[in-house]
Amino acid sequence: IPVDRIRNFSIIAHVDHGKSTLADRLLEFTGAIRENSGQNQILDKLQVERERGITVKAQSVSLLYQYKGDNYLLNLIDTPGHVDFSSEVSRSLSACQGVVLLVDANDGVQAQTVANFYLAFGKDLTIVPVINKIDLKNADPDRVTRQLKSLFDIEPYDVLRISAKLGIGVKAVIEAIIEQIPPPAVNRQSPFRALLFDSWFDKYRGALSLIFIQDGNIKVGDEIQSCHTKKTYNVKSLALLRPQEDPITQLVAGQIGLVGCNMRSSKEAHIGDTIYNPSCPVEPLQGFEPSRPMVFAGVYPMDQSQHVNLRSAIEKLALNDSAVTVEVDSSPALGQGWRLGFLGLLHLEVFSQRLQQEYGAEPILTAPSVTYKLRMKPNKHNVKTGREIFVNNPALFPDFMQIEEAFEPMVVGTIITPDKYLGGIISLCMERRGVQRSATNIDNERVMLQYDLPLCEIIVDFHDSLKTISSGYASFDYEDNGYQSSSLVKLGILLNGVVVEELSNIVHITKAQTIGRRMVLKLKDIIPRQMVQIAVQAVCNGKILARENIRAYRKDVTAKLYGGDVTRRMKLLAQQAAGKKKMRMVANISLPRETFIDVLKK
Ligand code: GTP
């Protein structure tokens with residue numbers, strides 16, 4: 001297929017606005033899958049994605065379509081729809097020349113619509129605006145059209161109206177993609193050069209990489225080299241994704257395809273890398289800014305016998321997800337483990353869920369933390385003042401006597417909400433130490449708010465609270481906004497007088513009392529009664545802020561079953577033993593596996 005008949009595009013949308021449904025319709029319409037094949041949402045491959053109904057991992061599919069007598073190759077690159085994953089969206093967009101901007105006819109423009117629009121706009125991509133779900137009873141496409149005009153200056157006559165569910169207007173979307181989005185600017189005569197923009201791990205074939213071929217061509221059997229690692233490989237397999245793998249012997253410039261070349265370790269497939277033919281060295285293509293993890297958590301095996309398995313599971317998953325950073329770590333109570341960096345809390349949860357589902361690993365996760373910047377006071381080892389350190393683990397937060405000034409990471413949050421929830425949302429933002437930047441009406445009944453917020457205040461349950469306050473109608477997105485000076489203190493937790501560093505938490509001084517009280521009550525709730533009484537205390541700068549006791553209790557599940565049925569008794573004892581397995585001894589107290597995260601939730 002000649003280059004001028006290739007289109008590379010993504011669909012960008014707020015969560016639930018129908019991206020996967022439209023992708024399915026495009027696949028059906030172009031004959032890639034049978035209609036009503038019952039396989040809904042083909043592109044959402046991972047089990048977690050299906051369960052949570054969100055796309056995490058960008059996938060891609062090549063479609064063929066006949067238009068005005070010519071065959072066109074349409075490469076649809078799927079993008080994740082959640083705020084945590086905007087760096088993945090940005091990466092997927094690097095292989096595209098245009099996007100379909102999909103907006104729900106009832107919900108209208110939402111926070112991620114705004115964020116995604118600016119990502120695409122910033123990359124100079126052609127934007128095809130589409131209003132979806134016009135079949136809904138409450139659909140108001142006219143209002144959404146006005147929102148698109150007032151926020152993005154999109155002309156009403158450019159906006160398509162469709163129902164992805166019923167298949168109305170899908171043909172017009174395909175034709176707009178062909179008519180409006182330019183073909184990729186590539187050169188088939190130049191030496192081979194391709195952008196590696198995604199990669200995942202296959203148990204049998206090692207790393208598989210998704211590449212966009214910028215110049216020349218690549219054949220099975222070719223030698224290729226990575227600009228980043230300088231390693232060379234032999235191309236073992238090439239495939240188009242349609243959406244199942246369709247093996248092919250050659251890929252040419254303009255195409256997107258999957259390469260297998262026996263990359264064994266997770267570090268070899270570098271997202272954003274340029275690959276080329278070692279006999280014709282080339283200038284590297286512009287890669288991506290590596291996504292910067294914002295939220296960190298410790299991951300530890302339930303017991304050290306699982307250490308090796310957990311390590312290999314983490315390595316494989318990290319290859320599937322280049323946004324995760326992995327460092328070896330150890331903790332006095334939990335032993336050897338890792339400190340992982342994530343884009344946000346959902347990313348963390350999805351990662352741990354995948355560790356369980358795909359690798360059967362059941363690790364302990366510690367409470368999430370952000371990265372603080374600290375300017376230290378001079379001391380005898382460090383004569384100069386102004387030395388700066390970064391700490392992303394509350395356990396390593398220095399004593400307050402040593403800190404001159406502390407800084408915390410900030411974000412700019414965008415919230416779009418119907419105005420009747422405005423009061424509740426403003427209170428929530430104030431409670432989270434937010435400072436309002438602006439409030440703009442985007443139509444008669446919806447407001448867009450922008451807030452400066454400390455990152456640590458939104459990583460645990462901000463999104464859930466926002467949804468609760470607004471009955472699910474408010475949407476939220478955020479971007480990173482540097483560091484700000486802040487009065488931070490370390491809140492420690494003692495169990496029977498022993499400091500459990502893994503439960504400690506960095507908080508703003510004005511909130512230490514409230515949070516300390518809340519954590520102690522929460523722990524009283526989470527920790528089951530045990531053979532001994534347990535005192536739970538919160539301390540801050542040497543002062544006890546709160547205390548609760550958990551009374552001793554002996555749980556004998558068979559007490560009620562005198563003699564009699566032995567099998568029943570055995571079964572109950574076995575169940576009790578199984579229940580115990582999920583507990584971890586810390587300071588001679590057994591804690592449920594989820595304690596470290598649950599303690600922070602309200
Ligand atoms: P993420 O993968 O989380 O980003 O969501 P998505 O944008 O892919 O949304 P998805 O396609 O999963 O659709 C969300 C819901 O909207 C599903 O229940 C769909 O059945 C429904 N839906 C999608 N398109 C239409 C439509 O045209 N009309 C109606 N009534 N419902 C639709």
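Along the sequence shown, residues carry numbers from 1. When reading the values below, keep in mind they use all heavy atoms of this one structure, side chains included, and skip hydrogens, waters and symmetry mates.
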Mind checking whether Phe296 and Pro368 have side chains closer than 4.5 Å, heavy atoms only? no

Going by distance alone, is a donor N or O of one side chain under 3.5 Å from an acceptor N or O of the other, for Thr414 and Gln450? yes

Would Arg437 and Asp452 satisfy salt bridge (Lys or Arg N to Asp or Glu O under 4.0 Å), going step by step from the backbone distance to the final call? CA-CA 7 Å; Arg437 279 194 167 193; Asp452 285 308; 3.1 Å; yes

Mind checking whether Leu491 and Leu545 have side chains closer than 4.5 Å, heavy atoms only? yes

For a side-chain contact (heavy atoms from CB on, under 4.5 Å) with Ser475, tell me which candidate from Thr417, Val15, Ile416 qualifies. Ile416

Report the distance from atom CG of Leu428 to atom OG of Ser465, rounding to the nearest 0.5 Å. 5.5 Å

Stepwise side-chain contact (heavy atoms from CB on, under 4.5 Å) check, Phe351 with Phe342: CA-CA 9 Å; Phe351 191 91; Phe342 301 94; 3.5 Å; yes

Test item: Val114 and Phe152 side chains (from C-beta on) under 4.5 Å apart, heavy atoms: yes

Can you tell me if Ser504 uses its side chain to pair, donor with acceptor, with the backbone of Val500 under 3.5 Å? no

Shortest non-hydrogen contact between Asn106 and Arg446, atoms and distance: O-NH2, 3.6 Å

Donor-acceptor contact below 3.5 Å, side chain Asn441 vs main chain Asp443: no

A side-chain contact here means heavy atoms from C-beta on lying under 4.5 Å apart; do Leu523 and Ile493 qualify? yes

Close side-chain approach of Ile389 to Arg375, heavy-atom, < 4.5 Å: no

Does anything in residues 491-507 pair up under salt bridge (Lys or Arg N to Asp or Glu O under 4.0 Å), and if so which pairs, sequence neighbours excluded? Lys490-Glu501

Verify the neighbour count for atom CD of Glu479: are there more than 12 heavy atoms of other residues, nucleotides or ligands below 6.0 Å? no

Quick one: do the Asn549 and Arg551 side chains pair a donor with an acceptor below 3.5 Å? no

Take Phe476 and Phe462 through the test ring-ring contact (aromatic ring centres under 6.0 Å, His included) and record every step on the way to the result. CA-CA 9 Å; Phe476 176 66; Phe462 183 78; 4.8 Å; yes

Ignoring hydrogens and geometry, is there a side-chain-to-backbone donor-acceptor pair from His17 to Ala13 under 3.5 Å? no

Show your reasoning for whether salt bridge (Lys or Arg N to Asp or Glu O under 4.0 Å) applies to Lys511 and Glu457. CA-CA 11 Å; Lys511 299 179 91 180; Glu457 296 283 349; 2.9 Å; yes

Is a donor on one side and an acceptor on the other found under 3.5 Å between the side chain of Thr366 and the backbone of Gly298? yes

Partners of Lys467 by side chain to side chain contact (heavy atoms under 4.5 Å, CB included), sequence neighbours excluded? His463

Has the side chain of Asn132 got a donor or acceptor atom that lies under 3.5 Å from a matching backbone atom of Leu102? no

Picking from Arg432, Met410, Glu408, His508, what satisfies side-chain contact (heavy atoms from CB on, under 4.5 Å) with Cys456? Glu408

Are any side-chain N or O atoms of Thr325 and backbone N or O atoms of Gly341, one a donor and one an acceptor, separated by less than 3.5 Å? yes

For Glu405 and Lys373, what are the C-alpha separation, side-chain angles and deciding distance, and is it a salt bridge (Lys or Arg N to Asp or Glu O under 4.0 Å)? CA-CA 9 Å; Glu405 191 171 9; Lys373 183 167 90 176; over 6 Å; no

Go through the side-chain N and O atoms of Asn392 and Arg339 and say whether any donor and acceptor fall under 3.5 Å apart. yes

Looking only at atom types and distance, does a side-chain atom of Asn496 sit under 3.5 Å from a main-chain N or O of Val536, one as donor and one as acceptor? no

Reported CD1-to-OH distance for the pair Ile426 and Tyr421, which is rounded to 0.5 angstrom: 15.0 Å

Derivation and outcome, side-chain contact (heavy atoms from CB on, under 4.5 Å), residues Cys429 and Ile415: CA-CA 10 Å; Cys429 290; Ile415 299 167; 3.8 Å; yes

Single hit among His14, Lys133, Gln110 for side-chain hydrogen bond (donor to acceptor under 3.5 Å, both in side chains) with Asp104: Lys133

Students often mix this up, so state it plainly: with edges at 30° and 60°, are the rings of Phe121 and Tyr118 parallel, tilted or perpendicular? perpendicular

